[in-house]
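Note that the structure is predicted; figures quoted are calculated from it, not measured.
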Amino acid sequence: GAVGRLEASGVEAQQAADAARRGLDATVVALKADLDEERRLVAEAAASLDARIRAALAPLEGRAQMAEVSIHALQESVGRISVFEERFHGRLDILADQLADAERGREQAIE
């Protein structure tokens, strides 16, 4: 009697514990699946954001490269202008000397 009822309640308790364990196992599997899906969605969102950032930066990088080329071209132009200016001043000095020589020659001729 009492032993049989005790054994029966022990079996019921064991069955309840097994059912609870199966329920917990199923919950853990479901949570892991949800977590994996969340990770996948976050990775997709990050990749999409990265692609959008790269797409937005690409034209800016192109413009930056064009600006560098323009700056280099301007620096070359300034360099050429400087060389031209030096030659121009050199020629002006030569002309000034020739003019002074001619002026002296004219004064000597007058004397």
Side-chain angles (χ1 to χ4, degrees):
V3 172
R5 281 196 307 270
L6 194 55
E7 285 178 353
S9 72
V11 169
E12 286 175 10
Q14 184 63 43
Q15 289 173 343
D18 290 345
R21 191 175 305 114
R22 284 193 300 274
L24 281 175
D25 289 347
T27 302
V28 167
V29 168
L31 287 174
K32 283 183 179 176
D34 287 348
L35 183 60
D36 288 344
E37 179 65 9
E38 287 296 320
R39 284 186 179 140
R40 187 187 67 74
L41 291 174
V42 167
E44 275 182 15
S48 174
L49 183 60
D50 185 57
R52 280 192 255 156
I53 289 171
R54 289 179 192 276
L57 287 179
L60 296 177
E61 289 172 356
R63 287 190 206 134
Q65 288 173 347
M66 287 173 52
E68 284 181 37
V69 169
S70 296
I71 288 169
H72 186 66
L74 284 171
Q75 288 171 335
E76 285 181 1
S77 295
V78 167
R80 279 186 294 223
I81 289 170
S82 295
V83 168
F84 173 79
E85 190 178 13
E86 287 174 23
R87 288 182 187 155
F88 180 75
H89 284 296
R91 288 184 184 136
L92 277 181
D93 291 343
I94 291 170
L95 286 174
D97 290 345
Q98 289 174 347
L99 185 60
D101 289 346
E103 190 66 32
R104 277 193 292 273
R106 187 175 69 80
E107 287 173 2
Q108 287 175 354
I110 291 174
E111 292 172 358

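Taking 4.5 Å as the limit, every side-chain heavy atom of Asp36 sits out of range of all side-chain heavy atoms of Arg40. No side-chain heavy atom of Asp34 sits less than 4.5 Å from a side-chain heavy atom of Glu38.
Between Ile94 atom CD1 and Asp101 atom CG the span is 11.5 Å, to the nearest 0.5 Å. Distance CG/Leu99 to CG/Leu92: 11.5 Å, rounded to 0.5 Å. Summarising the geometry, atom CZ belonging to Arg21 is positioned 6.5 Å from atom CD belonging to Gln14; distances are rounded to the nearest 0.5 Å.
Under the side-chain contact (heavy atoms from CB on, under 4.5 Å) criterion, Leu95 pairs with Gln98, not counting sequence neighbours. Every residue two or more places apart in sequence or in another chain was checked for a side-chain hydrogen bond (donor to acceptor under 3.5 Å, both in side chains) with Arg87, and none qualifies. Residues satisfying the side-chain contact (heavy atoms from CB on, under 4.5 Å) test with Ile53, not counting sequence neighbours, are Leu49, Leu57.
In terms of heavy atoms, Pro59 sits closest to Ala56 at CD-O, 3.4 Å.
A salt bridge between Asp25 and Arg22 is absent, with no side-chain N of the basic residue lying under 4.0 Å from a carboxylate O of the acidic one. One finds a salt bridge joining Glu103 and Arg106 here, because a Lys/Arg side-chain nitrogen approaches an Asp/Glu carboxylate oxygen to under 4.0 Å.
Remark: the His72 side chain and the Glu68 side chain contain no N/O donor-acceptor pair separated by less than 3.5 Å.
No side-chain donor-acceptor contact under 3.5 Å links Ser48 to the backbone of Glu44.
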